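In this text, all values refer to a predicted model and were calculated from it rather than measured experimentally.
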Amino acid sequence: DYKNNKIIVCNDNEKMLLAEFTINIFLRNPKTLDILKVNDIPTETLENEKIKSYQKDLATYSNNENADIKPFILHAHKRLYLTKDYPKGLYNFCLNTISDLNFQFSITESLPFITSDFPVYYKWTSDNSFVDFIYLPIHPHIALVFSRNKISNQILYLEPNLVKKINQNYVIWDYSDFIIARDKINLKII
């Protein structure tokens with residue numbers, strides 16, 4: 001019964017899939033990549049003697065003195081930030097943190113959710129150690145929320161005035177360049 005907001009909606013594996021989905025959208029957003037400088041190779045990396053020797057080997061084995069090791073370094077750099085391959089990497093840190101939060105599906109039956117070009121809206125903890133609240137609309141009427149709220153693994157129906165307040169966050173948020181709505185009427189309401 002989807003109207004029963006007390007029902008448990010996801011098992012542990014499904015919750016982990018939702019957390020991974022959210023972290024991927026957050027970390028792989030072009031703005032996050034810029035903030036983390038994932039596309040930049042640190043100068044000290046290029047000046048490292050081992051890297052210079054790999055560059056020389058690459059030029060020798062490819063029979064091309066202009067062969068460039070930078071794409072390989074960039075690939076490794078992105079794997080470090082954007083995959084589960086490294087237990088102490090950023091991806092796993094974010095995944096572990098979000099997994100410790102409670103989650104719920106927020107539903108709106110009238111006023112639809114809007115989103116932006118940076119769809120993962122979040123708020124920091126009071127000590128700025130990580131996020132305290134993550135909100136991700138996955139449909140005009142469904143949003144995924146990870147928070148410290150006591151409600152966990154349930155469906156929560158939201159009143160239109162609360163949806164309006166949530167939507168306004170995207171308009172004033174520093175990371176939003178483009179607001180995305182189903183139609184212009186939804187934008188005029190906020």
Side-chain angles (χ1 to χ4, degrees), residues 1-33 35-36 81-84 87-182 185-187 189-190:
D1 179 8
Y2 76 93
K3 290 284 188 184
N4 179 2
N5 64 351
K6 301 289 185 203
I7 193 167
I8 301 300
V9 291
C10 293
N11 63 33
D12 289 342
N13 289 337
E14 292 165 334
K15 179 185 176 187
M16 185 57 72
L17 284 173
L18 292 169
E20 288 178 7
F21 172 74
T22 304
I23 292 302
N24 275 306
I25 289 180
F26 173 72
L27 287 178
R28 294 172 185 266
N29 186 287
K31 289 183 183 180
T32 305
L33 296 176
I35 291 167
L36 296 174
Y81 280 101
L82 306 176
T83 69
K84 292 193 277 188
K88 294 185 180 182
L90 179 65
Y91 184 96
N92 286 313
F93 169 77
C94 292
L95 187 59
N96 290 335
T97 303
I98 195 174
S99 297
D100 288 340
L101 297 174
N102 293 326
F103 85 100
Q104 68 192 38
F105 288 101
S106 293
I107 307 291
T108 175
E109 293 182 313
S110 55
L111 181 64
F113 294 118
I114 66 166
T115 188
S116 78
D117 55 326
F118 197 98
V120 182
Y121 178 81
Y122 61 90
K123 289 186 179 179
W124 289 97
T125 56
S126 57
D127 64 356
N128 286 332
S129 59
F130 195 63
V131 294
D132 200 28
F133 173 83
I134 297 174
Y135 162 82
L136 173 64
I138 56 177
H139 180 276
H141 296 283
I142 304 170
L144 180 59
V145 177
F146 288 88
S147 70
R148 300 203 187 281
N149 187 337
K150 292 180 182 177
I151 297 173
S152 184
N153 202 0
Q154 295 179 3
I155 296 172
L156 182 65
Y157 287 84
L158 304 181
E159 296 296 323
N161 60 346
L162 184 55
V163 174
K164 182 179 175 181
K165 285 181 183 179
I166 292 170
N167 286 344
Q168 288 171 338
N169 288 326
Y170 281 114
V171 176
I172 60 173
W173 202 37
D174 290 339
Y175 295 115
S176 293
D177 289 333
F178 304 100
I179 304 300
I180 302 166
R182 181 164 256 186
I185 294 170
N186 297 335
L187 294 175
I189 291 172
I190 56 170

Any side-chain heavy atom of F103 sitting closer than 4.5 Å to one from L101?
no
Where N29 and F118 come nearest, the two heavy atoms and their spacing:
OD1-CD1, 3.3 Å
Give me the atom names and distance for the closest heavy-atom approach of F26 to T32.
O-OG1, 2.6 Å
Would you check if L158 and F113 make a side-chain contact, meaning some heavy-atom pair closer than 4.5 Å?
yes
Hey, what do you get for CE (M16) to OG (S99), rounding to the nearest 0.5 Å?
3.5 Å
Side-chain touch L82/R28, heavy atoms, less than 4.5 angstrom
yes
Do you know the tightest heavy-atom contact between Y135 and I114?
OH-O, 4.3 Å
Polar side-chain atom of N96 near backbone of N92 as donor-acceptor pair, under 3.5 Å:
yes
Is Y91 close to T83 at the side-chain level, that is, under 4.5 Å between some pair of heavy atoms?
no
With sequence neighbours excluded, what pairs up with S147 under the side-chain hydrogen bond (donor to acceptor under 3.5 Å, both in side chains) test?
none
Between CG of L95 and CG of N24, what distance do you get to the nearest 0.5 Å?
9.0 Å
Heavy atoms of I25 and P119 approach each other most closely as CG2-CG, 3.7 Å
V163 side chain reached by N167 side chain, heavy atoms, under 4.5 Å
yes
Looking at E14, I'd like to know if its CD atom is crowded, meaning that more than 12 non-hydrogen atoms belonging to other residues, nucleotides or ligands lie closer than 6.0 Å.
yes
Could you give the distance from CG (L162) to OH (Y157), rounded to the nearest 0.5 Å?
15.0 Å
Heavy atoms of other groups near K165 NZ, more than 12 under 6.0 Å
no
Contact between L36 and L27 at the side-chain level, heavy atoms closer than 4.5 Å - yes or no?
yes
In Å, rounded to the nearest 0.5 Å, how long is the span from CD of E159 to NZ of K164?
14.5 Å
To the nearest 0.5 Å, what is the distance between CH2 on W173 and NZ on K123?
11.0 Å
Please report the shortest heavy-atom distance between K84 and E20, naming the atom on each side.
NZ-OE2, 2.9 Å
When rounded to the nearest 0.5 angstrom, what is the spacing between CD1 in I134 and CD1 in I98?
3.5 Å
Could D132 and R148 be called an ion pair, given the rule that one side-chain N must be under 4.0 Å from one carboxylate O?
yes
Shortest non-hydrogen contact between I180 and D117, atoms and distance:
CD1-N, 4.1 Å
So does L18 get a backbone contact from the side chain of T22, meaning a donor-acceptor N/O pair under 3.5 Å?
yes
Would you find more than 12 non-hydrogen atoms of other residues, nucleotides or ligands less than 6.0 Å from N11 atom CG?
yes
Decide if atom CG of D12 counts as having more than 12 heavy atoms of other residues, nucleotides or ligands within a radius under 6.0 Å.
no
Would you call the rings of F133 and Y121 parallel, tilted or perpendicular if under 30° counts as parallel and over 60° as perpendicular?
perpendicular
